[in-house]
Structure formats: C-alpha cells, structure tokens
Amino acid sequence: MEFQYWHPDREKIGREELRSLQLDALKKSVAGALRTDFYGKRLAESGISSADDITSLDDVRRIPVTTKNDLRAAFPYGMLAVDKSEVVRLHASSGTTGVPTTIYFSRNDIASWSGLVARSIYSTGCTEADVFQNMITYGLFTGGLGFHYGGEEVGMLVIPSGPGNTTRQFRLMRDFGTTVVHATPSFLLHVESRMRDEGVRRDSLSLKRAFAGAEPYSEDARRRIEELLQIDVFNSYGLSEMNGPGVAFECQCKNGMHLWEDAFLAEIIDPDTMETLPDGETGELVLTTLSREAMPVLRYRTRDMTAFYTEPCPCGRVQRRIRRIKGRSDDMLIINGVNIFPSQIEEVVMGMKEVGNNYLIIVEKDGFLDRLTVKTEVNAETFKDDSRKLNALREKIRHTLQTTITVNPRVELVESNSLPVSEGKAKRVLDSRPRSW
Ligand code: ADP
Ligand code: ZN
C-alpha cells in the first residue's frame with residue numbers, strides 16, 4: 001500500500017521531536033488560557049501564573065480538568081482568550097447530554113482546523129480528484145463546515161448536500177460522480193436500505209469511500225456498511241470542544257484512529273481515580289488544545305472511553321492510535337444493577353444478517369424493576385417468512401443478547417424502515433425511567 005501524508009513534517013517525525021513540539025505548544029496554550037476569566041482564576045488556584053510554570057509535558061497534570069459544565073458556566077465569553085473582534089466563527093455542540101456549549105474560532109483557528117481535517121481526509125487515500133458529498137448537518141454542528149473546509153483544502157469537489165432526502169442524494173451521486181461521502185453511520189445504513197427500496201443500482205454510482213463518525217458504532221456495523229455499499233469506511237472522531245472533526249481519524253490501514261497529537265495533548269485516565277493509565281488500558285480520554293488561539297481548552301474530560309494502541313501503525317505516522325470509542329461514560333445504562341453500553345447491544349444485533357439496518361433500545365420501569373426492550377428491524381425477505389421462523393429468529397436474538405449482556409431483554413421484530421431515522425446523531429436509546437431517584 002502506498003501511504004500519503006498531508007503534513008509529512010508533522011506526521012513523519014520522531015516521538016522525541018513531537019514531544020518537544022508539544023511542550024512549546026502547551027506553554028502557548030497555557031499563556032492564552034491565562035488571559036481568560038475562567039482559566040485566569042482556575043490556574044492561579046493551582047499555582048500556575050505564567051506559562052513558564054510549565055517545564056515538562058508531565059506538568060500538564062498540575063492543571064485541573066475542564067468539564068462540559070465548566071464550559072456552560074463560562075458561557076458566553078469566559079473562556080475567550082482573544083479580543084471579540086478577532087473571532088470569525090462560532091459553533092455549538094449537539095447538546096446530546098444537555099445544554100449545548102459554544103466554541104469560538106479565530107481566522108488562524110479555522111485554518112488549522114481545516115488543515116487537520118484535510119490531513120485526515122488525505123490519510124485515507126483521497127486526493128483532489130475525488131468528488132465529496134458531505135451528507136451531514138451544516139450549521140452550528142461542526143461536522144458540516146468542518147469537513148467542507150477540509151475537503152476544499154484537499155482540493156476535492158465538495159458537494160454540500162447536507163443529510164436527508166435520499167432520492168436527491170442518489171441523484172447528486174449520479175450527476176456528479178460522487179466518490180466519497182461523509183455521514184453518521186446510522187444515516188449510511190439508512191441510505192443503503194433506501195437504495196434497495198428505490199432500486200438504485202450500485203454500478204450506477206462511483207462510490208469508493210465513506211467517512212463515518214459523530215456517534216459510536218461497532219466494528220460489525222462498519223463491516224455491514226462496507227459489504228452492502230461495497231466501499232471502505234473510515235472512522236472519524238471529533239468533538240466540538242476540540243474544534244469538531246479532525247481530532248482522530250483512521251488512515252488507509254483502517255485499524256484504529258490516529259489522534260493528531262501535534263494539535264491535541266491526549267491523556268487516558270481512570271475516570272474514578274483520575275490516574276493516568278498506561279497505553280493499552282481503557283479509560284476516559286482527556287484532551288488539551290495545542291494550537292487554538294481564540295479558545296484554548298485545557299484537560300477537557302471528553303467522557304469518551306477508549307485506549308491507546310501499543311503497537312505503531314504500519315503507515316509510520318508518529319501519532320498514536322486510539323480504539324473505536326465504546327461510548328461515553330454517561331451513555332452507560334444501569335439495568336437492574338447491571339452496567340450495559342448500548343454498543344454491546346449493537347454488536348449483537350448488527351452481527352446477524354437477518355437483522356435490518358436500524359434498531360432501538362427501550363428502557364422502562366415495570367413496578368420496581370427495569371425492563372429492557374430491543375426493537376430490531378428485519379430485512380424484507382425475512383419479514384415475509386412464516387411466524388415460526390420469525391419466532392425462532394426473535395428467540396435467537398434474545399438468547400444471544402442475554403448471554404452477552406446478562407440481562408434478559410424483550411425482543412420485538414419490526415419491518416425495515418419502520419423505526420425513526422435521525423438526520424444527525426441517532427437516538428438509539430429511549431429511557432423513560434424517572435431520573436431523580
Ligand atoms: P455533543 O457532545 O453534544 O454530542 P458534539 O457534536 O461535540 O456534541 O459531539 C462529540 C461527541 O460525539 C464525542 O465526544 C463522542 O462522544 C461522539 N463521537 C464523535 N465521533 C465519534 C466516533 N467516531 N465514535 C464514537 N463516538 C463519536
Ligand atoms: Zn496509520
């Protein structure tokens with residue numbers, strides 16, 4: 001395989017060189033942060049009053065962590081490190097876990113962010129010859145404009161289609177010979193079902209690749225999309241607090257996401273003890289911006305659970321890879337005392353070929369107990385089968401789920417395309433249990 005590097009001077013350097021670059025950048029971030037109301041106070045409390053108080057990368061641990069609630073409390077301008085006149089754009093998080101947070105960008109911030117997304121896109125093998133259909137929400141959400149600017153920087157033809165309206169998506173794909181798309185994995189699965197329903201022939205399209213991210217998905221879901229659409233799917237990870245997309249991305253090897261460590265200082269910690277974990281162990285990812293002017297964010301607790309790979313990647317990049325994100329620590333469901341990540345359910349469901357492309361997890365109170373129901377779509381051919389076969393399938397899913405998650409769920413089979421599809425992040429869990437007890 002021939003690897004291509006967008007920023008060889010950043011991607012192909014030695015580990016020591018990277019570390020010294022990180023230290024310089026960390027000091028700049030701390031200097032910027034000290035100019036903000038929020039960090040001015042926070043850092044002073046920890047005895048940091050100047051960037052020179054940071055003399056090694058380990059000193060990052062002297063800085064207190066930042067949470068989503070800190071960003072909310074500092075709203076609107078408490079974390080701004082430059083004059084308002086230097087801000088050229090704002091974005092907001094999706095608000096999956098509460099009130100959205102706002103992020104500000106200077107002109108340089110937009111340029112470095114676009115560079116990181118361009119680097120990510122290029123590392124998958126795309127070039128300026130590609131036609132890129134960006135099937136993700138534009139607007140406050142970072143995924144739309146983030147990929148748009150990155151795609152243009154690579155020199156691809158970018159079609160800002162946004163999500164939704166699959167009939168129009170197919171028309172654009174055919175009219176302009178789209179070779180690569182970006183979408184949430186759930187929307188890609190939906191696109192595939194609609195392709196069959198609308199009778200769109202695969203050979204009428206020129207698709208080769210897809211970037212899929214913004215929400216957790218399993219390796220089985222990736223394989224399913226790849227097989228059904230006959231494309232390569234690359235995992236894309238980012239969060240608005242760290243610009244948006246372009247934080248970590250899979251290269252041509254499609255085995256773990258390179259975290260762009262020259263732009264973000266990454267730690268993986270035990271979320272309970274806050275201790276740093278050695279490479280290979282799973283914990284919460286904590287990130288510090290290393291190249292952001294308008295709004296430096298120090299030691300941000302992402303809540304995302306992952307681990308560093310211990311092996312270097314065959315592509316030779318210096319930046320370490322992280323594993324597929326299992327979900328956020330706050331996604332975890334506790335059902336009758338048992339901890340379950342929705343991704344565990346997805347792995348079972350997406351691993352069965354009779355199962356369709358969408359599913360929904362429902363958690364309710366039944367007296368004092370919690371009740372878990374998993375609704376899964378089954379593909380049209382299977383749905384036509386007689387009830388004995390459908391019952392057997394339902395029992396197979398129930399049994400496999402029970403052995404995997406140790407909770408006995410109810411399983412309901414529904415027709416394909418009958419469960420709600422979201423244009424943004426999929427809502428896979430409906431939890432109607434009262435929260436406050
Ligand atoms: P919100 O935090 O409100 O959802 P963001 O748009 O900033 O808003 O979303 C960032 C979050 O989305 C990440 O912290 C992570 O939980 C999730 N996410 C993004 N990309 C991926 C991915 N490839 N795999 C799993 N989760 C992802
Ligand atoms: Zn690689």
Side-chain angles (χ1 to χ4, degrees), residues 1-6 11-12 67-69 71-72 91-103 117 119-120 122-125 136-147 182-186 188 210-219 221-222 225 233-261 264 266 284-287 297 300-306 309 311-332 341-343 346 422 424-428:
M1 200 183 302
E2 219 181 294
F3 299 113
Q4 44 184 47
Y5 311 92
W6 187 250
E11 297 166 71
K12 298 282 288 169
T67 64
K68 229 183 178 61
N69 276 336
L71 267 87
R72 290 178 183 135
H91 278 286
S93 69
S94 316
T96 311
T97 58
V99 183
T101 49
T102 311
I103 302 296
V117 180
R119 180 199 291 188
S120 306
Y122 199 68
S123 79
T124 67
I136 209 133
T137 313
Y138 276 70
L140 286 173
F141 176 59
T142 52
L145 286 176
F147 266 91
H182 169 221
T184 57
S186 45
L188 285 174
F211 313 129
E215 63 187 15
Y217 60 116
S218 59
E219 196 57 45
R222 183 232 293 263
I225 302 170
V233 173
F234 298 87
N235 198 359
S236 153
Y237 170 77
L239 58 160
S240 52
E241 292 81 3
M242 298 289 126
N243 298 338
V247 175
F249 220 91
E250 278 182 329
C251 69
Q252 284 153 290
C253 302
K254 283 200 309 194
N255 184 15
M257 300 179 281
H258 290 282
L259 195 145
W260 302 128
E261 293 179 271
F264 306 98
E284 180 180 339
L285 183 63
V286 171
L287 294 170
V297 176
Y300 181 70
R301 288 192 65 170
T302 64
R303 302 276 169 192
D304 293 326
M305 303 297 284
T306 184
Y309 279 63
E311 298 288 299
C313 184
C315 75
R317 285 185 172 78
V318 66
Q319 289 89 358
R320 285 174 297 173
R321 291 167 297 164
I322 52 167
R323 293 197 181 279
R324 189 173 281 285
I325 310 278
K326 277 216 169 79
R328 308 187 206 215
S329 50
D330 36 17
D331 281 344
M332 196 177 70
F341 272 108
S343 57
E346 174 173 313
S422 151
K425 296 175 193 246
K427 293 199 178 44
R428 302 284 201 200

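Keep in mind that what you see is a predicted model, and the values were worked out from it rather than measured. Every number for a ligand or one of its atoms is a count from 1 in the order of the listing.
- Ligand 1 has an N or O atom lying under 3.5 Å from an N or O atom of Ala214, backbone or side chain.
- The nearest non-hydrogen atom to atom 19 (C) of ligand 1, considering only Gly238, Pro245, Gly213, comes from Gly238.
- Residue contact check for ligand 1: Lys68 places a non-hydrogen atom closer than 4.0 Å to it.
- Selection from Ser93, Pro185, Pro216, Ala92 by nearest heavy atom to atom 25 (C) of ligand 1 gives Pro216.
- Both the backbone and the side chain of Ser240 come within contact range of ligand 1, each with a heavy atom under 4.0 Å.
- Listed for the Glu284 side chain is a donor-acceptor partner under 3.5 Å among the backbone atoms of Arg303.
- By the 6.0 Å and 45° rule, Arg222 does not stack over the aromatic ring of Tyr217.
- Between Leu188 and Ala212, the closest heavy-atom pair is CD1-CB, 3.9 Å.
- With distances taken over non-hydrogen atoms, the option nearest atom 16 (O) of ligand 1 out of Thr137, Asn243, Asp304 is Asp304.
- For Ser236, a nitrogen or oxygen atom sits less than 3.5 Å from a nitrogen or oxygen atom of ligand 1, counting backbone and side chain alike.
- Between the His258 side chain and the Arg321 main chain, no donor and acceptor come within less than 3.5 Å of each other.
- Cation-pi geometry between Arg323 and Tyr309 is met: under 6.0 angstrom from the ring centre, within 45 degrees of the axis.
- A donor-acceptor pair under 3.5 Å is absent between the side-chain atoms of Glu261 and the main chain of Ala266, judged by distance alone.
- Judged purely by atom type and a 3.5 angstrom limit, Glu250 uses its side chain to pair as donor or acceptor with the backbone of Asn235.
- The only member of Glu215, Lys425, Lys427 that meets side-chain hydrogen bond (donor to acceptor under 3.5 Å, both in side chains) when paired with Ser186 is Glu215.
- Polar contact with ligand 1: present for Asn235 (N/O pair, distance under 3.5 Å).
- Between the side chains of Glu11 and Tyr5, no donor-acceptor pair of N or O atoms lies under 3.5 Å.
- When only interatomic distances are considered, the shortest N/O to N/O separation between Arg328 and ligand 1 falls below 3.5 Å.
- Protein contacts to the Zn ion (ligand 2) involving N, O or S atoms at a distance below 2.8 Å are Cys251 SG, His258 NE2, Cys313 SG, Cys315 SG.
- Evaluation of the side chain to side chain donor-acceptor pair (under 3.5 Å) rule for Thr302 yields no partner, not counting sequence neighbours.
- Contact between Lys425 and ligand 1 is present, with at least one heavy atom of the residue lying under 4.0 Å from the ligand.
- Looking at Ser218, its side chain never comes within 3.5 Å of a backbone N or O of Ser343 through a donor-acceptor pair.
- Atoms of ligand 1 lying under 4.0 Å from at least one heavy atom of Phe141, given by number and element, are 6 (O).
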